[in-house]
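None of these values were measured; they are calculated from a predicted model. Scope of the values below: all heavy atoms of this structure, side chains included, with no hydrogens, waters or symmetry mates.
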2 protein chains.
Amino acid sequence: MPLPEVSQFIPHIAYDSVVFGFSKGKLKILLMEYHDTGWFALPGGFVERSENLEDAVKRGLNERTGLKEIYLEQFHTFGDTSRYRPEVMRRILEANGHLIPENYWMLDRFFSIAYYALIDYEKVTLMPDALSDSIAWYEIDKLPDLILDHGKIVQKALQTLRENLDRKLIGGNLLPERFTMNELQAVYEAILGQKLRRTSFQRKMLSLDILDRHEKLFTGKSHKAPYLYSFKTH
Amino acid sequence: MPLPEVSQFIPHIAYDSVVFGFSKGKLKILLMEYHDTGWFALPGGFVERSENLEDAVKRGLNERTGLKEIYLEQFHTFGDTSRYRPEVMRRILEANGHLIPENYWMLDRFFSIAYYALIDYEKVTLMPDALSDSIAWYEIDKLPDLILDHGKIVQKALQTLRENLDRKLIGGNLLPERFTMNELQAVYEAILGQKLRRTSFQRKMLSLDILDRHEKLFTGKSHKAPYLYSFKTH
DNA sequence: CCAAAAGTGTTTCCTCTACACCCATGA
DNA sequence: TCATGGGTGTAGAGGAAACACTTTTGG
């Protein structure tokens, strides 16, 4: 695959996405590992000349996860000069066997507009891009070192997610359509990083009047079967 | 003054600032009026090649208000293609008597990183820039029409300000060092757009343990003199 | 019947609200 | 002494937290 031409994209502008998923009781995010470098990074990309910013982010996420409808939230734009480390991108491109032209646009200084996404872990089909060995899930508290300021971006994403937890009905976007109260509580606990009281949590969620109660889920275990819930649509 | 050269600035990237001040019981923001167009816009600018984003915003605000220390908060980046209206900037430049070169960089598509600032109205000395007739205060609910999406930017700034009102101790940045409880309440009411109860407000503020109480303020009016307060520095 | 987990009732505590009252000030 | 606005005391309403209790399930 040839190097992207600057004529296709807007120079100096990139996005990075922190994609949250929930599985086996753990909060996870997606990371790319670049060929032959051992370097990890957030999935990101560039904006085409006539493309809306948010459409660019959705396009990139669709290419890597196969998802069409994605819950997205912009949370910060990173524009410090300390992000300007042309040797990092140079090494990534060279490790892919590219010959880099003089003054190549991808080695310029970039401003990164950061988004977080919330997705249903089960619905994702991961597809690495041309520069990457892999794209995979990593537990939020067991991340490898990331390039540039991507570690800081993850921390800011997590902080914003916590602040928005009550205001924006985040929980549902990380679960399948129908879920038990226990599963929802596990999501909240994973995001906040602390245990919550079972009875208080249940009452609080029910009092918000945002859940529909459905049939019970029989698991074969010898105890009362929990109800399934879904978020109200309107 | 000659047209700025692209070599000095990063193309495609701009910032806009919503500068809040409080005076005579009203919440106000700063607007520029451009020469010979009747057009109003937020104070904004470009980022120099080796300049941190936030330093660029502070530089721009310092040039227009004379203030050195400014409370700044980034709240959103606007990147829709609908913002790309080169004829707007062309008219502004031409109204200033400039001859515009072919493919001039200021007529390109721009992404705008928006900040809001909170400042002490009394400390400001307003200075218009080269393109503007004036820079002046406008009451937040009596704004003229603004160019491009600047109206949307103001709305988003106000919304973010309201959401952050409790979390970030905003009130103090809009007042002088020392103020009465009544003045602080007036700031809150102006931001929220609604009346608050006097006694509840006082108790709430005091219970937060963020205020120091100082001497009384004697105004010569025939009633009990209110205490002056300041925000704790710690 | 038992163990385990889900769901609900109840008591307690704390906070916010509403309203009243007292205080300080200058005319 | 009065009018005005500032500050605080207090009783009641509302909601969160803690704990106990009941319910449901399969072994």
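- For the side chain to side chain donor-acceptor pair (under 3.5 Å) condition, the pairs that include at least one residue of residues 170-179 of chain A, sequence neighbours left out, are A:Arg178-A:His214, A:Arg178-A:Glu215.
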> Once each nucleotide of nucleotides 11-24 of chain D is scored for protein heavy atoms under 4.0 Å, what B/S/- sequence comes out, 5' to 3'?
Replying inline: -------BBB--BB
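- Remark: the backbone N or O of A:Ala136 is not paired with any side-chain donor or acceptor of A:Ser134 at under 3.5 angstrom.
- Between A:Tyr138 and A:Phe40, the ring-plane angle classifies as perpendicular under the 30° and 60° cut-offs.
- The distance between atom CD of B:Gln202 and atom P of C:dC21, rounded to the nearest whole Å, is 19 Å.
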For residues 26-33 of chain B, which side-chain N or O atoms pair as donor and acceptor with protein atoms under 3.5 Å away, sequence neighbours left out?
none

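- Annotation: salt bridge (charged side-chain N to carboxylate O under 4.0 Å, His left out) contacts involving residues 151-165 of chain B, sequence neighbours excluded, comprise A:Arg167-B:Glu163.
- Here C:dA24 presents its C1' atom at 10 Å from OH of B:Tyr227, a figure rounded to the nearest Å.
- Ring planes of A:Phe110 and A:Phe46: tilted class, angle from 30 to 60°.
- Relative ring orientation between A:Phe201 and A:Tyr188 is described as perpendicular, the plane-to-plane angle rising above 60° on a 0-90° scale split at 30° and 60°.
- For residues 174-191 of chain B, proximity to DNA chain C is found at no residue, defined as any non-hydrogen atom under 4.0 angstrom from a strand atom.
- Contacts classified as salt bridge (charged side-chain N to carboxylate O under 4.0 Å, His left out) and involving residues 113-131 of chain A (residues at least two apart or in different chains) are given here: A:Arg64-A:Asp129, A:Asp120-A:Lys123.
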